[in-house]
Amino acid sequence: MNTQHSDIVVLGAGISGLTSAFFADKAGLSVQILEDSGRPGGVIRSLWKDGFLLEFGPNTIQPTADLMDLIDALNLSGELLLAEEKAPRYIQWHGTLHPVPMSPFGLLKTQLFSPLGKARLFLEPFIPANKTFNDESVDSFFRRRIGNEATERVVHPFVSGIWAGSAEQLSARSSFNVLYEWEKKHGGLLKGMFRSKKTKKAAPAVPKGLLNFTNGVETLSTALANHLKDIAIYGEQIEEVIPPLSQRQFPRWKIRTSERELTCDDLIFTLPAFSAAKLIKPFAAGTAWTLSDIPYVPLAVFHLALPKKNVAMDLNGFGFLVAPSEKSDILGCIWSSSLFPNRAPQGMVLLTVLLGGARQAEKVFLGDRLLTSKVIASLQPVLKFRELPEVVSIFRYETAIPQYTLGHPNRMKVFQNAQKNFPGLHLSGNFTEGVGVGNVVQTARKLVADIVADRKSQGRVSHSPLHIPSMEEVGEGK
C-alpha cells in the first residue's frame with residue numbers, strides 16, 4: 001500500500017473541515033482531506049425543488065469578520081444576500097405571536113411580559129454577578145440575570161431555535177460564552193453590551209443582519225470544496241488512526257482508509273464527536289469516552305408551501321419560535337420566502353418548520369403522515385390557513401446538533417490535555433467552540449494560525465505531498 005505524506009490531514013469535510021483545509025492551503029501547507037461520505041458540507045444542504053429553495057441545515061449565517069474574509073477570498077460577495085436587520089421575530093406564547101422586543105420602547109409596549117416581568121428586566125444592571133463563576137445551566141444563568149418571565153418566554157424558545165436544546169441542560173459558560181464573559185468581566189449583561197459596542201468600533205466592520213446566498217447556504221461549502229477538489233478524498237472509510245511512537249518520530253501520524261495510507265505532522269479531527277471517539281479510543285480511551293459523552297439531538301425539518309392568499313396573516317419577518325409552555329408539537333417556523341428573495345415561486349409562501357430536539361426528541365421518528373398532521377395542527381391556530389399547505393419535503397437528522405451540556409468546560413480541558421499528550425492532534429469542529437457557521441470559521445482560522453506558529457517555532461518546513469515507498473516497495477528495491 002502506497003503512503004502519501006502531507007503537513008496536515010483533515011478528517012471530515014463539513015464546514016469545519018473545509019475551512020480548516022482552506023486556511024491551511026492558503027498558508028502554504030500541504031493538506032489532505034478525508035471524508036467517508038460522498039459529499040462535502042456535512043449538515044449544510046440546499047436544494048432547488050419545484051421552484052422552491054429548501055434549506056435542510058442552517059437557514060441563515062451570523063456574519064463575523066473571519067467569515068466575511070472567507071467569502072471575499074472565495075469571490076462569493078456577488079452572491080451574498082442580507083436579511084433585513086430589523087425583520088421582526090416572534091414568540092408564540094398563550095396561542096398568540098408576540099414580536100420580540102428589540103428596543104426599550106418595544107419592551108414597554110410588549111404584551112409578552114407582565115409589568116413585574118418588565119421591571120425585573122430593567123433591574124438587570126443592579127443584579128450582582130455570580131462571583132464563583134462555576135458552570136451553571138443556561139436556565140439558571142438567565143433567571144439570575146433577567147428573571148423568570150424573560151427566561152421562560154424568550155431564552156427558552158431561542159435555545160430551541162439555535163441549539164434545538166434544553167435550557168436546563170445546556171452550560172451557560174459554553175453555550176453563551178460571550179454573555180458569560182460579560183458578567184465575569186463587567187458585572188452584568190447590559191454593562192457588557194455597552195463595553196462591547198465600544199470595542200466593536202475599532203474592529204473590522206461586518207454586515208448587520210443575517211446572511212445567505214442566492215442559491216442557499218450550500219454555496220459556501222460548495223465553493224470551498226471546489227477550491228480543495230484536488231486534495232479531498234470522498235467515500236473512503238477511515239479505518240484506523242495511529243499516533244506517533246514518539247514525539248520525535250517523523251512522519252508523526254498515520255491514517256489508514258479502506259483504500260490507502262496517509263501520514264502527516266498535524267491531524268485535525270472535525271468529525272462528529274461520536275465518530276472521532278471510535279478512532280481515538282485505541283490510543284486515548286479517556287478522551288474517547290469524553291467525546292462519546294457529548295449528546296447530539298435529533299431534528300426533523302419540514303418544508304411546507306401554499307399560495308400567499310391562503311395565509312390570513314402577513315408573514316413579514318423572520319418567523320416564530322414556540323415557548324415550551326405552549327401545547328405545540330413544533331419548535332418554530334421560519335418564513336423562508338419572506339426572509340430572502342426568490343425562495344418560492346411568485347405568489348407562493350415557503351415555510352420551514354423545525355421539530356424534535358432535546359424537548360421532543362421522540363416526535364422526530366413518527367411516521368410521515370402522523371408527523372405531518374401534528375405539524376399542520378400546530379401551525380393552523382397561529383397562521384390560520386384558509387387551505388392546508390402542501391408538504392414539499394420532510395428530512396430527519398438522527399444526530400443534528402451537539403449539545404454543550406453541563407460539564408462541557410471540563411470536556412474541553414480533557415481535549416486540551418489530549419492535544420498536549422499527543423502533539424499534532426487537534427480536536428475541532430462544532431462540538432468545541434460554537435455550532436454556528438461563523439463560530440466554526442473563526443475556530444478553524446485560529447487553529448490553523450496556531451499550527452503555523454508552532455511549525456515556525458520548531459523550524460519545521462512545509463512539505464508538498466510526496467510519495468513515501470511502502471515496505472513492499474523497499475523490499476523489492478523500487
>> Please report whether the ring centroid of F274 lies less than 6.0 Å from that of Y296.
In response: yes
> Taking the six-membered ring where the residue is Trp, are the ring centres of H303 and F52 under 6.0 Å apart?
Replying inline: no
Kindly say whether [Y] contributes a backbone atom to a donor-acceptor pair with the side chain of [X] at under 3.5 angstrom?
X	Y	answer
T222	T219	no
K363	L355	no
R144	G147	no
N212	V217	yes
Q237	E239	no
H156	A323	no
T151	D139	no

> Does the side chain to side chain donor-acceptor pair (under 3.5 Å) test come out yes or no for S166 and E168, once each step is laid out?
Replying inline: CA-CA 5 Å; S166 164; E168 291 94 342; 3.0 Å; yes
> S6 versus L262: any side-chain heavy-atom pair under 4.5 Å?
Replying inline: no
> Do I280 and V241 come within less than 4.5 Å of each other through their side chains, counting heavy atoms only?
Replying inline: no
> Which is it for S30 and D7 under the side chain to side chain donor-acceptor pair (under 3.5 Å) test, yes or no, and what are the steps along the way?
Replying inline: CA-CA 5 Å; S30 59; D7 295 323; 3.1 Å; yes
> What's the spacing between Q4 CD and I231 CD1 if we round to 0.5 Å?
Replying inline: 10.0 Å
> Say you draw a straight line from SG of C264 to CD of Q32; how long is it, rounded to the nearest 0.5 Å?
Replying inline: 10.0 Å
>> Here's a test for you: under side-chain contact (heavy atoms from CB on, under 4.5 Å), which of V301, L321, V322 qualifies with L354?
In response: V301
> Do the rings of Y90 and W335 sit parallel, tilted or perpendicular, given the 30° and 60° boundaries?
Replying inline: tilted
> What orientation do F395 and Y397 show, parallel under 30°, tilted 30 to 60°, or perpendicular over 60°?
Replying inline: perpendicular
> Between L299 and L331, is a side-chain contact (heavy atoms from CB on, under 4.5 Å) present by the stated rule, with each step listed?
Replying inline: CA-CA 10 Å; L299 196 67; L331 300 176; 4.0 Å; yes
> Should W289 and V414 be marked as a side-chain contact (heavy atoms from CB on, under 4.5 Å) after you check the CA-CA gap, both sets of side-chain angles, and the distance that decides it?
Replying inline: CA-CA 10 Å; W289 184 89; V414 172; over 6 Å; no
> Can you check side chain to side chain donor-acceptor pair (under 3.5 Å) on N59 and R343, steps first, answer last?
Replying inline: CA-CA 11 Å; N59 282 257; R343 262 39 187 176; over 6 Å; no
>> Looking at R143 and E152, is there a salt bridge between them, counting it only when a charged N and a carboxylate O are closer than 4.0 Å?
In response: yes
> Charged N to carboxylate O under 4.0 angstrom, R45 versus E218?
Replying inline: no
> Would the number of heavy atoms belonging to other residues, nucleotides or ligands and lying under 6.0 Å from CG of N342 be above 12?
Replying inline: no
> Is it the case that more than 12 heavy atoms not belonging to E398 sit under 6.0 Å from its CD atom?
Replying inline: no
>> Checking H408 against M412 for the side-chain contact (heavy atoms from CB on, under 4.5 Å) test, could you report, in this order, the C-alpha distance in whole Å, the side-chain angles of both residues, the deciding distance, and whether it holds?
In response: CA-CA 6 Å; H408 197 75; M412 293 298 294; 4.0 Å; yes
> Yes or no on side-chain contact (heavy atoms from CB on, under 4.5 Å) for Q403 and Q169, after CA distance, side-chain angles and deciding distance?
Replying inline: CA-CA 9 Å; Q403 303 292 291; Q169 297 172 7; 5.9 Å; no
>> By the definition salt bridge (charged side-chain N to carboxylate O under 4.0 Å, His left out), identify the one residue from R252, K254, R455 that meets it with D265.
In response: R455
>> Using the side chain to side chain donor-acceptor pair (under 3.5 Å) definition, which of the options D69, T19, T64 pairs with R445?
In response: D69
> For the ring-ring contact (aromatic ring centres under 6.0 Å, His included) test, which of Y404, F141, F142 pairs with F176?
Replying inline: F142
> Distance only, no hydrogens: is a donor on one side chain within 3.5 Å (strictly under) of an acceptor on the other, for S221 and R39?
Replying inline: no
